[in-house]
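Numbers here are sequence positions counted from 1.
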Amino acid sequence: MDRDRHSSHKRKYSDSPEENGNSRHKLSAIETGESSRSRSSASSGSSSSAPPTSSRDSSTMAAVPVPAAGGDRPRRGGVRGNRYIPEVVVTRAANAPSKQGTFGELVKLTTNYFRLTRNIDKTISQYYVEFEPPVEDVRQKFALIRAQGALLGPQIFDGVSLYLYNKLKRDELVIEAKDARSGVQSKLHIRLVGSADMSCEKGLMVLNLLQRNAMRSLGLLQLGRHFFDPLAKIAVPQYGLEIYPGYVTSVRQHEQDVMMCVEITHRVMRRDTCYQMMSTIQRQPGSFRDNFVRAVVGSIVISTYNQKTYRILDVDFGTTPASSFTKADGTSVTFMEYYQARYNVRIRDPRQPMLVTGSSARQKREGFTGLLLLVPELCRLTGLTKDMRDDFQLMRSIADHTRLRPDRRMEQLMAFNERLQNTPATREVFQFWKVELDRRILEVPGRILEQETVVFNGSTIPAGRKAEWGQAFRNNRMLESVELRRWAILVEGSASRCASDFLRCMMEVAHAMGFRISEPQYIAVRDRSNAAYTNSLTHAAMQDPQMVVIVVPNEDTQRYNAIKKLACLNYGIPTQVLKQRTITPRGGNIRSLMSVATKVAIQMNCKLGGIPWTVKNPLSNVMVLGFDVCTKGVDKSKTYGALVATMYSMGIKKPTYFSVVERRSKGETLSDAIAVNVVKALRTYQSAFGTDKQPQRIILYRAGVGDGQLADVVEHELRAIKQHLQKVSADTGHSFQLTVIVVNKRINTRLFRGRENPQPGTIVDDKITLPERTDFFLVSQSVMQGTASPTAYNVIHDESGLSIGQLQVYTYKQTHLYYNWFGTLAIPAVCQYAQKLAHLTANHILQQSDSKLDRLLYYL
């Protein structure tokens with residue numbers, strides 16, 4: 001059960017039943033029901049916590065577009081392709097030094113960007129459009145506006161705002177309009193509300209809307225925020241799945257030019273509907289209602305009548321398609337009548353329960369915050385269930401179609417460009433707006449940093465071109481080991497033999513690595529019940545062990561939760577949970593367990609306080625922090641923020657670790673939590689190295705920040721940290737040099753070297769970076785399958801006194817220090833540790849562990 005998501009084709013060893021961490025060989029940009037930017041925070045899981053409900057309040061309505069509220073609404077940013085655009089957050093001073101580093105070998109790279117040229121002197125007029133009577137269906141709004149093409153000329157419409165290339169003669173006008181297809185008539189009240197030239201942020205927003213219009217002209221299907229090609233769908237009939245290839249595009253001002261980023265993505269669609277799944281569940285044992293709620297709540301569905309996606313929040317067993325609801329115009333109608341009249345869809349089963357979903361972000365902006373009801377019969381399931389994800393053959397079948405090699409990805413990018421250039425409808429859109437898309441994929445300068453040196457006990461080795469050093473443990477001892485003298489192993493009778501064989505194998509490999517392990521105390525677990533395991537763990541804890549190893553027969557989340565809560569909260573004892581299948585030799589050959597035993601031994605040593613390896617650290621008296629959050633756990637109303645510190649002091653070769661977790665209500669600010677925990681880490685630094693010791697530099701890598709959250713991090717979190725550090729400085733007389741770097745690996749940028757992946761240590765800090773930031777891209781991993789995706793780093797505050805090149809090198813060093821993998825990660829190790837800790841807390845133990853574990857990597 002100890003497993004870590006570094007390779008989809010490797011066995012997993014980390015101590016968590018949920019895959020959580022750096023997806024080293026994950027499916028390439030595959031969408032399983034949520035957007036590619038939000039996969040870590042919007043997984044398509046199931047929930048047993050949401051009870052079935054029998055009634056809804058008056059805010060509930062059919063899942064159809066909602067009319068916009070009249071009048072102007074203040075906006076912070078705008079809408080790009082039906083989504084909110086945050087303001088540009090400037091974190092780079094006008095007189096800042098160069099953001100380009102100088103370390104490393106110069107290389108030429110290509111990327112998934114195309115240069116976009118436009119008439120920067122042209123002024124675009126913005127109008128607000130109100131429909132009378134209100135029009136519910138967004139598609140009808142678009143149809144009514146398109147019907148006025150002769151009057152309006154070249155136009156961009158987002159459902160509320162209308163952007164015109166040519167200004168109208170009057171600032172306000174009313175137009176009688178009729179949709180020829182539906183026969184809907186409406187008055188269009190069009191009012192001038194502003195203007196912008198094509199060089200400002202609003203102009204860039206128009207370019208994004210223009211690009212989305214061009215995508216629609218290609219006949220692509222919009223699902224959520226992205227566009228997919230249903231004609232090119234790939235069938236996986238043995239699993240009842242279809243894979244839709246698609247595109248993620250964005251237009252943005254980069255260093256010198258406006259560019260369009262294009263990413264190839266995929267959407268997994270299931271052929272069955274929610275009604276078919278419900279019928280299957282009805283034939284299964286147990287409570288139908290409870291089972292159906294668990295199966296459907298949290299999943300993403302797509303409606304068959306308007307191709308929109310929704311996240312299911314609950315099931316309403318008290319409402320059926322035969323029930324009535326009140327439309328926006330005040331009339332009452334049943335769901336069956338509504339769908340028949342609006343979409344010409346006949347609902348076959350009038351007694352099925354209704355699915356409950358919330359308002360979309362767009363609807364909330366337009367004033368509707370109620371609940372929506374969906375008909376299971378009209379909803380197709382998307383994404384993959386947990387059982388599907390655990391099916392190796394299924395995931396490999398999907399990966400064969402979605403994990404694109406660099407040469408294939410580049411071919412698809414160029415084909416998409418050609419399609420945009422040569423399709424008459426899209427060419428007409430670009431010509432109307434005097435916009436031109438470069439036909440060539442963008443070339444960018446890059447640098448490859450020198451290989452790092454990995455330090456063991458008494459020896460050093462180069463990390464290698466692939467930045468992996470798994471073979472080194474055959475001939476090198478771990479940097480520091482903690483002798484394991486008092487420990488227990490809990491095992492149920494049927495697993496005793498394989499546990500004994502595995503233990504002998506692990507002790508053999510541990511001895512070669514300098515990790516001394518004494519014979520354990522064997523404690524028999526009487527049966528497979530959760531109570532049997534917790535009783536045996538309590539018995540073991542009474543013997544004051546350094547560690548307890550638990551062998552479990554299978555993956556059972558409730559059992560795992562019980563073990564971890566008892567060990568982490570009640571006793572403060574590190575534990576290692578192993579599945580019986582993991583430690584069973586293949587073909588009866590015990591030597592086949594050597595690789596597994598090596599990784600388990602390293603994990604156990606780390607959980608005791610040992611250090612397997614390090615890299616040369618050019619900075620003394622430094623504290624490196626990682627912070628990440630987990631918002632999807634057992635309690636969906638809580639957010640867990642975890643901070644992990646790696647502390648270095650002059651003259652001490654090994655680092656000291658510290659970790660802490662804070663729980664907040666979802667949506668509540670984490671700024672105070674981060675600042676307070678930074679101070680806690682400083683106190684631990686003094687405790688570890690001496691009361692007169694303080695770190696000179698504090699480097700914080702802040703993960704889990706989307707573009708829309710960057711302003712809050714800069715304005716609130718950073719300010720709170722600085723204020724708390726100033727208080728500490730006033731008390732101690734010691735000043736700190738603070739550096740804060742925002743880390744984002746969920747980006748759409750891709751880098752290529754020739755037609756291959758760039759090697760680890762590749763840096764790009766020009767052309768595709770942003771002028772308002774001190775930012776860079778770093779490829780820190782060797783990617784053998786699929787296409788390398790760099791990680792974006794944004795230095796939002798820096799008092800370190802280091803050059804940007806030195807910060808880049810130091811960041812690359814930090815990717816070498818994660819001890820669940822013999823190689824580099826996509827992010828600094830402290831961020832990965834923080835992610836693991838936040839996930840463990842949110843999903844299993846729900847609160848801060850016993851303080852005895854604060855300095856141990858017990859969450860590996």
Side-chain angles (χ1 to χ4, degrees), residues 30-36 38 42 44 61-66 79 81-83 135-146 157-159 179 181-182 184 209 211-235 240-249 265-277 296 299-312 321 335 338-347 354-363 366 372-384 425:
I30 182 170
E31 297 199 355
T32 55
E34 63 274 12
S35 76
S36 60
S38 62
S44 298
M61 62 171 291
V64 294
V66 182
V79 176
N82 300 335
R83 66 185 177 92
V135 177
E136 294 181 354
D137 194 332
V138 174
R139 292 179 298 179
Q140 288 180 354
K141 289 184 179 182
F142 278 86
L144 291 168
I145 291 292
R146 281 196 302 269
F157 183 57
D158 67 6
D179 180 6
R181 291 186 58 187
S182 64
V184 171
L209 293 170
Q211 169 60 23
R212 298 180 75 81
N213 273 9
M215 301 276 278
R216 292 187 185 96
S217 300
L218 294 177
L220 300 178
L221 175 65
Q222 184 175 354
L223 298 176
R225 295 204 300 257
H226 308 314
F227 289 85
F228 297 85
D229 191 350
L231 297 179
K233 67 183 177 183
I234 304 164
L241 300 176
E242 294 174 343
I243 301 173
Y244 282 29
Y247 309 96
V248 181
T249 64
T265 186
H266 298 85
R267 188 78 171 242
V268 175
M269 306 290 291
R270 288 156 63 181
R271 291 181 175 178
D272 53 335
T273 65
C274 292
Y275 184 83
Q276 291 171 316
M277 179 178 69
V296 76
S299 61
I300 303 292
V301 301
I302 180 171
S303 57
T304 57
Y305 49 89
N306 65 2
Q307 302 298 314
K308 291 186 179 297
T309 56
Y310 304 89
R311 179 179 294 278
I312 304 305
F335 290 94
Y338 178 85
Y339 282 104
Q340 181 70 53
R342 174 68 71 173
Y343 298 105
N344 195 27
V345 171
R346 178 174 173 265
I347 297 175
M354 302 290 279
L355 307 177
V356 182
T357 183
S359 310
S360 67
R362 181 192 184 96
Q363 290 166 344
E366 296 177 349
L372 309 175
L373 296 181
L374 302 168
V375 182
E377 192 178 307
L378 305 180
C379 295
R380 282 181 64 189
L381 293 158
T382 71
L384 304 175

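The cationic group of Arg216 lies under 6.0 Å from the six-membered ring centre of Phe142 and within 45° of the ring axis, placing it in a cation-pi geometry.
Looking at heavy atoms from C-beta onward, Thr309 lies out of side-chain contact with Arg225 at the 4.5 angstrom threshold. Residues Gln340 and Tyr338 fail the side-chain proximity criterion, which asks for heavy atoms closer than 4.5 Å. Residues Gln222 and Gln307 fail the side-chain proximity criterion, which asks for heavy atoms closer than 4.5 Å. Side-chain contact between His266 and Tyr244: absent, with no pair of heavy atoms (C-beta onward) separated by less than 4.5 Å. The side-chain heavy atoms of Val375 and Tyr339, taken from C-beta on, include a pair separated by under 4.5 Å. Using a 4.5 Å cut-off on side-chain heavy atoms (C-beta onward), Cys274 and Leu355 make contact.
At a threshold of 4.0 Å, the pair Glu377-Arg346 does not count as salt-bridged, since none of the basic side-chain nitrogens sits closer than that to a carboxylate oxygen.
Looking at residues two or more places apart in sequence or on another chain, you find a side-chain contact (heavy atoms from CB on, under 4.5 Å) between Ser303 and Tyr305, Asn306, Lys308, Tyr310.
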Would Ile234 and Leu241 count as a side-chain contact (heavy atoms from CB on, under 4.5 Å) here? Give the steps. CA-CA 9 Å; Ile234 304 164; Leu241 300 176; over 6 Å; no
Test side-chain contact (heavy atoms from CB on, under 4.5 Å) on Val345 and Leu378; report intermediate values, then the result. CA-CA 9 Å; Val345 171; Leu378 305 180; 3.5 Å; yes
Test side-chain contact (heavy atoms from CB on, under 4.5 Å) on Val356 and Leu372; report intermediate values, then the result. CA-CA 6 Å; Val356 182; Leu372 309 175; over 6 Å; no
Carefully, step by step, assess Met269 and Phe228 under the rule side-chain contact (heavy atoms from CB on, under 4.5 Å). CA-CA 11 Å; Met269 306 290 291; Phe228 297 85; over 6 Å; no
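Atom CE of Met215 is separated from atom CG of Leu220 by 5.5 Å, given to the nearest 0.5 angstrom. Between the NE2 atom in His226 and the CZ atom in Arg267 there is a gap of 8.0 Å [rounded to 0.5 Å]. We find the OG-CZ distance between Ser217 and Arg212 to be 13.0 Å, quoted to the nearest 0.5 Å.
With hydrogens and angles ignored, the 3.5 Å screen pairs a side-chain donor or acceptor of Thr357 with a backbone N or O of Arg311. Judged purely by atom type and a 3.5 angstrom limit, Thr382 uses its side chain to pair as donor or acceptor with the backbone of Ile300. With hydrogens and angles disregarded, a donor-acceptor distance shorter than 3.5 Å links the side chain of Arg380 to the backbone of Arg270.
Looking at Val268, Val301, Thr273 one by one, the single match for side-chain contact (heavy atoms from CB on, under 4.5 Å) with Leu381 turns out to be Val301.
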